[in-house]
Structures are given as C-alpha cells and as structure tokens.
Amino acid sequence: MEAVTRTKVKDLLRTEPGTEVLAKGWVRTKRGNKNVSFIALNDGSTINNIQIVVDVASFDDDLLKKITTGACIAAYGTLVASQGSGQAVEIQARKLVLYGEADPDTYPLQKKGHSMEFLRSIAHLRPRTNTFGAVLRIRHAMAFAIHKYFNDKGFVYLHTPLITASDCEGAGEMFQVTTLDMNNVPRKEDGSIDYSQDFFGKQASLTVSGQLEGELGAMALGEIYTFGPTFRAENSNTPRHLAEFWMIEPEMAFYEIEDNMVLAEDFIKSLVRYALENCMDDLKFLNDMFDKELIERLESVVKTEFVRLTYTEGIRILEESGEKFEFPVSWGVDLQSEHERYLVEKHFKRPVIMTDYPKDIKAFYMKQNDDGKTVRGMDVLFPKIGEIIGGSERESSLEKLEARIDELGMSHSTLEWYLDTRRFGSAPHSGFGLGFERLLLFVTGMSNIRDVIPFPRTPKNCEF
Ligand code: 4AD
Ligand code: MG
C-alpha cells in the first residue's frame with residue numbers, strides 16, 4: 001500500500017471511488033466523536049479539501065491528538081463515495097503519517113475568521129487560508145494568461161533592467177541603489193556626493209518602468225512586452241499603491257493611439273475571460289465571501305465596449321455633475337480616483353479609456369497634439385479601481401522630443417541612448433503599462449492591494 005504515489009487533492013476529487021490513494025497536505029479542520037474523526041485536508045492545488053475519515057479505534061491515540069489544525073500529514077487509504085454532503089469522494093484512512101505538528105496554543109490560523117489586517121501581519125502563513133490560496137492561484141493564472149496572450153500574438157518578451165540611471169516617468173519617485181558607506185559618504189569639493197566612487201560610477205536607482213528600454217526593443221523587434229517588478233518611492237498609503245509592484249508593458253512599432261486602445265481593451269478582456277474560464281472555483285469562493293457582485297462584474301466587463309472619452313470631455317462631465325468631490329475639478333488638474341470612479345461607476349457604468357491629457361500632467365515622451373496643450377496619452381479607468389492602465393502614443397519626432405525635454409529641464413546626457421531611437425529609423429509607436437496588482441484587485445474583488453501580492457511593500461513596511 002505504501003507504494004502508492006501522492007495524488008493532488010484537485011485530482012483526487014475527480015478520481016473514481018475504489019482506488020487506493022495517498023494524499024498529503026495541511027489539516028484545515030478536524031471534527032468528529034470518539035468513534036470517528038473527519039479531517040479536512042488541503043494541499044493548495046484547489047480551494048477544495050479532501051475529507052479523510054478516520055476510524056478512531058484503529059489508530060494510535062497520541063498520533064490522532066497531534067493531528068490538529070495546521071499540522072502536515074500524509075493519509076493512505078481507499079477513495080470511497082462520500083456518505084456526507086458537500087463532497088463526492090472521501091478517503092477512508094488506513095495509515096496516517098504526521099510530518100509536522102502545529103501546536104494549537106501557538107498556531108495563529110485557527111478555524112475562526114481573521115481580519116485582513118491581522119493576516120497581513122502573518123503574511124508568511126496567510127497562503128494557508130482559503131482566501132489567499134484563491135488569490136495566489138488566480139495571480140498565477142493571470143501571469144500565465146499574460147504570457148500566453150502575447151506569445152500567441154507574436155510579441156517578444158523583453159527583459160528590461162531593474163537597475164537604471166534614468167527616471168522614465170520623471171516623477172522623482174526612485175529608490176536609490178548604492179554601495180556607498182552611508183556613514184561616510186564621499187563628497188566632491190563643492191560638497192555634493194561623489195557618485196564616481198559608487199558601484200556603477202554614477203547615481204543609480206530601481207526602475208519605475210521598463211518602458212524606455214521597451215521602446216528600444218520595439219524599434220527593432222516590432223512588438224515586445226515586459227513583465228516584471230517596478231519600484232516607486234511614492235509616499236502613497238492607499239489601497240491601490242505599492243512601493244514594489246509588477247507591471248506589464250507592451251510596446252509596439254507602427255501602432256498609433258487608436259491601435260493602442262484596441263489592444264489594451266482586447267488584452268484586459270481576454271485576461272478576465274481567462275479567469276472566468278479557468279479559475280471558477282476560486283472566483284466562486286471570493287464571490288461568496290467578499291464581493292457578491294464579483295462574477296457578474298467580470299462577466300459584464302468582457303461583454304461591454306469601453307467608452308472612449310477625451311480628458312476635456314471628461315472634465316466637462318465632472319464639472320456639470322453637481323457632485324461634491326474632495327478634490328475640485330477644472331481643466332488642467334490631474335484626475336483623482338474619486339473622479340475616475342465617478343465617470344466609470346456613476347456616469348457611464350462601464351470602463352472608460354480617457355485620452356488627450358494636458359501635457360503638464362503627463363510624462364515627457366508622450367506624442368504632442370497639434371493644439372500645443374495636450375498629449376496623446378491614454379488611461380484605462382475601471383470600476384472599483386480607477387486607473388488600471390496608463391499609456392500613450394510616443395513622440396517620434398526628435399525635434400519635438402528634445403524641445404519637451406528642454407522645456408521640462410531634464411538632462412539630455414542620461415537620455416542620449418533613448419534619443420537614438422528617434423535619430424535612427426524613428427517610427428510611430430505606442431505602448432502602455434498595466435499594473436498587475438490593480439488587475440488582480442479587479443479580478444479577485446479584494447479591496448486592498450496589499451492582499452493580492454504575497455509580500456506587500458508599502459511605506460514603513462518591509463516585513464518578510
Ligand atoms: O501610469 P504609469 O505610471 O505609466 C507608466 O509607468 C508607463 N511607463 C507605462 C507605459 O506606457 N509603458 O503606470 C502604469 C500602471 C498604472 O496604470 C497602474 O495600474 C500601475 O501601473 N501603477 C501602480 N500599481 C501599484 N502601485 C503603484 N504605486 C502604482 N503606480 C502605477
Ligand atoms: Mg498613470
């Protein structure tokens with residue numbers, strides 16, 4: 001009997017009764033009476049548990065006592081049709097092996113429901129809860145679906161650097177990377193820091209975006225995408241901001257802003273569709289536990305056409321709404337998530353792609369419109385989330401790009417390599433960035449971005 005190999009719970013639940021099986025996993029609950037024990041075992045392969053039925057008389061008392069919530073065990077036995085409700089099959093145990101105990105007095109994940117705040121404080125154990133198991137499986141499925149989507153379309157996955165000397169978004173939100181001795185920083189005559197003595201011989205940081213290097217890839221390979229961690233030292237303590245988040249950034253030669261919008265809409269819809277087709281068990285659990293409209297919302301996004309709206313029209317709608325916003329609106333202001341959500345949730349009741357923003361609230365690389373005031377940027381705005389995608393058509397004219405860099409007082413010298421794309425064989429091109437965790441907020445219905453990434457990094461928080 002011991003020669004049986006382990007079957008994952010997900011597969012056990014689809015196996016014909018009558019088979020000799022071996023399950024391994026962590027005990028979720030144990031209940032029963034002095035004659036029979038029922039162990040609910042989970043191994044992370046599915047939200048569902050396999051029930052193990054133990055005839056108490058045939059097992060060592062001491063062993064059974066140690067099989068408590070959180071303990072890790074192996075269960076050998078026969079898969080039988082379940083007599084109880086709630087599961088089709090269960091294991092009639094013949095032998096149990098205890099791998100690791102979990103002392104009931106100290107193991108923090110006992111049966112009762114825990115607050116999300118408490119679970120964040122034990123992020124090293126929270127994957128063992130139903131909620132985080134579901135979220136992390138969906139996170140995996142979405143990552144896979146992203147690679148599949150672009151691979152099917154012939155995009156090349158380009159690995160852009162995480163350490164960089166340029167600030168793509170120009171927002172000054174970069175984490176510095178240095179090996180200088182902070183207690184004895186070398187200085188130049190004028191008192192400024194002497195970065196020539198630093199590891200890279202100059203000031204370096206963690207990237208806020210792979211876009212600039214992505215553009216170089218697009219101008220050679222045609223269509224590329226990046227998918228990796230990005231870092232922002234913005235002091236935003238909100239349910240939608242992380243200091244370390246993952247971003248997907250496609251960049252395409254010969255795409256104008258309209259092509260960019262079509263791709264963004266199709267991309268998001270196809271990811272949501274993938275979740276509906278492949279993650280239903282987990283979605284149902286999250287729908288029942290947290291957000292009764294989750295599945296309905298996902299199904300509706302797949303079906304509805306996104307609204308196309310210019311920033312100027314959007315501002316007019318907001319001004320005429322009669323709504324009291326915390327941040328007042330007028331042409332030129334950067335939209336807050338309350339404004340974005342008003343347009344999406346109240347006014348249009350569907351996702352919005354907003355375009356043609358004032359140049360002063362957008363990055364230097366965006367294509368300048370003829371009006372001299374706006375640029376060809378586009379943000380995709382989503383219910384519950386606000387901005388989920390930010391992108392643009394890129395300025396392809398060397399002259400205009402250099403003029404904008406001057407206007408903003410940025411340094412040319414750190415961007416010469418980037419400007420070469422416009423010097424040599426420049427082409428119209430576009431791209432966008434999808435915040436992976438913002439996508440996951442939408443797909444899982446979780447309300448805090450700290451709960452869709454295994455180990456969140458936020459201001460004053462770098463545990464684990
Ligand atoms: O709008 P952003 O800043 O755009 C860029 O970085 C461009 N370089 C992208 C491109 O065109 N290739 O960021 C893109 C997306 C946002 O729409 C949002 O979803 C997400 O990244 N994002 C964040 N997600 C979590 N925490 C943060 N602090 C985020 N900042 C941006
Ligand atoms: Mg943005």
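Numbering of ligands and ligand atoms starts at 1, following listing order.
- The atom name of the N/O/S atom in E387 closest to the Mg ion (ligand 2) is OE2.
- Nearest protein neighbour of atom 18 (C) of ligand 1, counting heavy atoms only, is R438 NH1, 3.5 Å.
- Listed by atom number, the atoms of ligand 1 under 4.0 Å from S209 heavy atoms are 6 (O), 8 (N).
- Looking at atom 11 (O) of ligand 1, its nearest protein heavy atom turns out to be R394 NH2, 2.9 Å.
- Of all atoms in ligand 1, numbered sequentially from 1 with element shown, those under 4.0 Å from a heavy atom of I449 are 25 (C).
- Atom 15 (C) of ligand 1 has G433 O, 3.6 Å as its closest protein atom, hydrogens excluded (heavy atom only).
- The only member of D356, T310, D360, N369 that meets side-chain hydrogen bond (donor to acceptor under 3.5 Å, both in side chains) when paired with T374 is N369.
- The shortest heavy-atom distance from R240 to ligand 1 is under 4.0 Å.
- Here the shortest heavy-atom distance to atom 6 (O) of ligand 1, taken over R457, R232, Q211, belongs to R232.
- Close approach of ligand 1 to E234 is summarised as follows: ligand atoms under 4.0 Å from at least one heavy atom of the residue are 27 (C), 28 (N), 30 (N).
- If you check which protein heavy atom lies closest to atom 16 (C) of ligand 1, you get E387 OE2, 3.3 Å.
- The existence of a salt bridge linking R6 and D43 is confirmed by a sub-4.0 Å separation between a basic side-chain nitrogen and an acidic carboxylate oxygen.
- A cation-pi arrangement, defined by a distance under 6.0 Å to the six-membered ring centre and an angle within 45 degrees of its axis, is present between K269 and F306.
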